[in-house]
Q: 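Have a look at this one.
Each chain gets a letter, A, B and so on, in the order its sequence line appears, and its residues count up from 1. What's counted below: heavy atoms across the whole structure, side chains too, no hydrogens, waters or symmetry copies.
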Amino acid sequence: MAIANVSWQHFREELLAWYRPERRPMPWKEETDPYRIWLSEIILQQTRVEQGWPYFERFVTAYPTVTVLAAAEDDAVMKLWEGLGYYSRARNLLKAARTVADEHGGKFPATYAGLLDLPGIGPYTAAAVASFAFGRQVAVLDGNVFRILARYAGDATPTTTEPGRKHFQQLAERALGEVPAARFNQAIMDFGALVCTPKQADCARCPVASGCQALAQDRVYDLPVKGKKTTVRPRYFHYLVVSDARDRYLLEQRPAGDIWQSLYQFPLVETDSVDTSLEQLIQHTDWPATLDPTRLRQLRRSGVYRHQLSHQTIGAVFHVLASHGLLAPAAPPDSPMVVPRDEFDRYALPRIITRFLEDTTLTLGF
DNA sequence: GAGGCGTGGTA
DNA sequence: TTACCAAGCCT
């Protein structure tokens with residue numbers, strides 16, 4: 001539990017004195033347009049600033065307003081999101097934009113509760129947009145804030161449970177007090193990224209070190225306390241890179257209920273081994289019904305591409321096959337589409353496939 | 001409430 | 001190589 005003698009007034013005053021907005025300049029800082037703030041916050045969910053920044057620039061260029069975004073094609077938005085991960089964010093981004101355009105007259109809700117109702121907006125994002133865009137007096141609670149508050153207060157309450165989350169939300173509101181929430185929220189997240197970092201925290205230059213319980217008790221790296229980590233499941237993907245004489249390839253869209261939902265891929269046979277032979281793949285239930293093995297010639301079998309997700313490890317092998325005669329288009333989504341190589345850039349692909357394509361661009365095509 | 005959901009950087 | 005983790009949300 002929180003220690004009674006923790007001074008939140010000292011904390012907030014020193015934090016704001018430390019903070020200078022130019023310390024980490026970002027295109028969405030000092031911004032008041034709710035659309036841009038919302039867009040940046042969705043992009044930055046579980047994502048480093050450096051990784052999300054170019055995506056933010058691309059999105060505001062392609063879709064300068066929420067109304068323009070609402071009118072976009074699903075596949076175009078997914079393509080722009082390609083490589084950023086957590087693709088449900090892109091799907092919810094479009095859903096929320098359409099809700100704002102269709103049901104709110106193109107204006108974002110100006111309250112925490114109203115924002116929370118939009119798909120893809122949870123407690124953190126609702127607090128961020130409410131404070132940054134609308135000046136609401138609410139404290140954000142993200143990974144930085146958990147870590148900073150737990151350390152400053154010497155608080156070992158687990159952050160991963162619902163009671164723990166509510167406990168730290170209360171601490172955050174107490175820390176915020178009556179100072180301007182937008183500035184406080186920006187400051188505490190910059191502070192977590194630059195000073196009170198997970199590893200190698202810069203306690204020597206910390207403006208609130210004198211009041212930090214974790215530092216006093218030498219428990220900086222014991223806090224915050226988190227729950228048990230998720231187990232990683234191994235999976236083996238065998239992609240069928242089938243092309244015909246016109247350099248057209250089979251592509252299919254991934255279904256709901258699995259990773260990379262609504263992204264595209266080569267026809268996939270999933271097995272329990274990385275060593276599965278082409279003969280075994282042909283016998284597998286995943287083998288595409290419309291693909292006649294007798295009309296295929298094996299050109300190449302790639303090495304193993306390994307891809308680490310937060311909860312799965314993918315080992316992928318690309319089986320490069322040539323079709324005698326032209327591939328026949330059939331009706332998606334039941335059967336794969338036939339797509340010319342130079343039209344791949346219309347479709348969002350998982351990173352493991354773009355990596356393969358980067359390796360083989362010059363050797364494919366014949 | 002626990003687990004699913006990406007990708008890249010770092011130690 | 002492995003493990004952690006980064007401006008979380010949804011089911």
Q: For A:Asn92 and C:dC9, give me the distance from atom CG to atom P, rounded to whole Å.
A: 11 Å
Q: Could you tell me whether A:Ile259 contacts a base, only the sugar-phosphate backbone, or nothing, with contacts defined as non-hydrogen atoms closer than 4.0 Å?
A: sugar-phosphate
Q: In whole Å, I'd like the distance from the CD atom of A:Gln312 to the C1' atom of B:dT7.
A: 14 Å
Q: Please check if the distance between the ring centroids of A:Phe11 and A:Trp8 is under 6.0 Å.
A: yes
Q: With respect to the phosphate group of C:dG8, does any side-chain polar atom (N or O) of A:Arg89 fall under 4.0 Å of OP1 or OP2?
A: no
Q: Over all strands shown, is A:Val49 touching base, sugar-phosphate only, or nothing at heavy-atom distances under 4.0 angstrom?
A: base
Q: Which is true for A:Thr161 with a 4.0 Å heavy-atom rule: it touches a base, it touches only sugar-phosphate, or it touches nothing?
A: nothing
Q: Can you find a donor-acceptor N/O pair under 3.5 angstrom joining the side chain of A:Tyr124 to the base of C:dG8?
A: no
Q: Thinking salt bridges, do A:Arg151 and A:Asp222 make one under a 4.0 Å N-O criterion?
A: no
Q: Distance between the P atoms of B:dC5 and C:dA7, in whole angstroms?
A: 23 Å
Q: Quick check on B:dT7: is either OP1 or OP2 less than 4.0 Å from any side-chain nitrogen or oxygen of A:Trp260?
A: yes
Q: Touch check for A:Trp28, heavy atoms < 4.0 angstrom, all strands: base, sugar-phosphate only, or nothing?
A: base
Q: Please figure out whether A:Gln186 or A:Leu118 has its closest DNA chain C nucleotide nearer the 5' end.
A: A:Gln186
Q: Could you state the CG-P distance from A:Leu84 to B:dG9, rounded to the nearest angstrom?
A: 13 Å
Q: If only side-chain N and O atoms of A:Gln45 are considered, is one of them under 4.0 Å from the OP1 or OP2 phosphate oxygen of C:dA6?
A: no
Q: Does a side-chain N or O of A:Thr47 approach OP1 or OP2 of B:dT7 to a distance below 4.0 Å, or not?
A: no
Q: When you check the phosphate oxygens OP1 and OP2 of B:dT7, does a side-chain N or O of A:His307 lie under 4.0 Å from one of them?
A: yes
Q: May I ask you to evaluate whether A:Arg147 reaches the phosphate of C:dA6, defined as a side-chain N or O under 4.0 Å from OP1 or OP2?
A: yes
Q: Do the side-chain N or O atoms of A:Gln46 get closer than 4.0 angstrom to the phosphate oxygens (OP1, OP2) of C:dA6?
A: no
Q: Tell me: CE of A:Met26 to C1' of C:dA6, nearest whole Å?
A: 12 Å
Q: With a 4.0 Å cut-off on heavy atoms, is A:Arg351 in touch with a base, just the backbone sugar-phosphate, or nothing at all?
A: sugar-phosphate
Q: With nearest nucleotides of DNA chain B determined for A:Gln308 and A:Pro163 from heavy-atom distances, which residue corresponds to the more 5′ nucleotide?
A: A:Pro163
Q: At under 4.0 Å between heavy atoms, what does A:Ile43 touch on the DNA or RNA strands: base, sugar-phosphate, or nothing?
A: nothing
Q: Between A:Gln51 and A:Leu116, which residue's closest nucleotide on DNA chain C lies nearer the 5′ terminus?
A: A:Gln51
Q: In whole Å, what is the span from the CZ atom of A:Phe184 to the C1' atom of C:dA7?
A: 15 Å
Q: For A:Arg306 and B:dT7, is the shortest distance between a side-chain N/O and OP1 or OP2 below 4.0 Å?
A: no
Q: Are the ring centres of A:Phe184 and A:Tyr19 closer than 6.0 Å?
A: no
Q: Can you tell me, in whole Å, how much space there is between the C1' of C:dG8 and that of B:dG1?
A: 16 Å
Q: If only side-chain N and O atoms of A:Tyr87 are considered, is one of them under 4.0 Å from the OP1 or OP2 phosphate oxygen of B:dT7?
A: yes
Q: Answer with base, sugar-phosphate or nothing: what part of the nucleic acid does A:Asp258 contact at a heavy-atom distance below 4.0 Å?
A: sugar-phosphate
Q: Quick check for you: among C:dG8, B:dA11, C:dA7, whose closest atom lies nearest to any side-chain atom of A:Tyr86?
A: C:dG8
Q: Decide, yes or no, whether a salt bridge links A:Arg355 with A:Glu358 under the criterion of side-chain N to carboxylate O below 4.0 Å.
A: no
Q: Assess whether a salt bridge exists between A:Asp102 and A:Arg98, defined as any Lys/Arg side-chain N lying under 4.0 Å from an Asp/Glu carboxylate O.
A: no
Q: Taking the ring centre of each residue, are A:Phe318 and A:Tyr305 less than 6.0 Å apart?
A: yes
Q: Nearest whole Å is fine: how far is B:dG6 C1' from A:Leu263 CG?
A: 10 Å
Q: Across the strands shown, which category fits A:Arg165 at heavy-atom distances under 4.0 angstrom: base, sugar-phosphate, nothing?
A: nothing
Q: Between A:Gln169 (CD) and C:dA7 (C1'), how many Å, whole number?
A: 14 Å
Q: C:dA6 C1' sits how many Å from A:Glu41 CD, rounded?
A: 13 Å
Q: Answer with base, sugar-phosphate or nothing: what part of the nucleic acid does A:Gly52 contact at a heavy-atom distance below 4.0 Å?
A: nothing
Q: Using a cut-off of strictly less than 4.0 Å, decide whether A:His311 has a side-chain nitrogen or oxygen near OP1 or OP2 of B:dC5.
A: yes
Q: Identify which nucleotide among C:dA7, B:dA11, B:dT7 has an atom closest to any side-chain atom of A:Leu44, counting heavy atoms from C-beta outward.
A: C:dA7
Q: Validate the cation-pi geometry between A:Arg58 and A:Tyr55: distance from NZ or CZ to the six-membered ring centre under 6.0 Å, angle to the ring axis within 45°.
A: yes
Q: Less than 4.5 Å apart, any side-chain heavy atom of A:Tyr236 and any of A:Ile314?
A: no
